[in-house]
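In listed order, ligands and their atoms are each counted from 1.
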Amino acid sequence: MPRMTFIERDGSKREVDAPVGLSVLEIAHKNDIDLEGACEGSLACATCHVVVDESSWDKLKPAAEEEEDMLDMAFGLEKTSRLGCQIIMTEELDGLIVRLPRMS
Ligand code: FES
């Protein structure tokens with residue numbers, strides 16, 4: 001099974017199992033990682049915002065326009081920001097690293 005790493009707000013790293021087909025948001029919730037996801041993945045909030053590590057960025061499919069629009073409203077937006085509910089785990093994404101953004 002692929003694995004992925006979350007870097008939490010205090011800088012600590014958590015490497016977890018990342019089942020194919022689950023979103024980064026779902027994986028965070030399964031592992032008690034503090035990523036909100038208020039709209040449960042329906043692209044209506046931006047609270048599932050994560051910053052993708054440069055090493056993983058090229059493996060991701062580009063964000064859809066709806067995701068970009070929602071991201072514009074996220075706090076602490078960075079160049080490699082994405083919505084966690086829109087990153088769906090695949091075998092190729094094994095080793096994915098995402099960081100939780102600094103809080104407002
Ligand atoms: S959970 Fe709301 S946009 Fe991802």
Quick one: which ligand 1 atoms are inside 4.0 Å of a heavy atom on Cys48? 1 (S), 3 (S), 4 (Fe)
Output the list of atoms in ligand 1 that are nearer than 4.0 Å to some heavy atom of Leu43, sorted by atom number. 3 (S)
Is there a donor-acceptor pair closer than 3.5 Å between any side-chain N or O of Thr47 and the backbone N or O of Glu36? no
Enumerated ligand 1 atoms positioned under 4.0 Å from heavy atoms of Leu25: 1 (S)
Taking only non-hydrogen atoms of Gly41 and a 4.0 Å limit, the atoms of ligand 1 in range are 1 (S)
Salt bridge or not between Arg9 and Asp34? Use side-chain N to carboxylate O under 4.0 Å. yes
Would you mind listing which atoms of ligand 1 come within a distance below 4.0 Å of any non-hydrogen atom of Gly37? 1 (S)
Closer than 2.8 Å to atom 2 (Fe) of ligand 1: does that hold for any N, O or S atom in Cys45? yes
Got a donor-acceptor contact below 3.5 angstrom from the Ser23 side chain to the Ile87 backbone? no
Taking the side chain from Arg14 and the backbone from Ala28, do they hold a donor-acceptor pair closer than 3.5 Å? no
Ion pair Asp53/Arg99, N-O distance below 4.0 Å: no
Measuring to atom 2 (Fe) of ligand 1, does Cys39 have an N/O/S atom at a distance below 2.8 Å? yes
Answer yes or no: is there an ion pair linking Lys59 with Glu92, defined by an N-O contact shorter than 4.0 Å? no
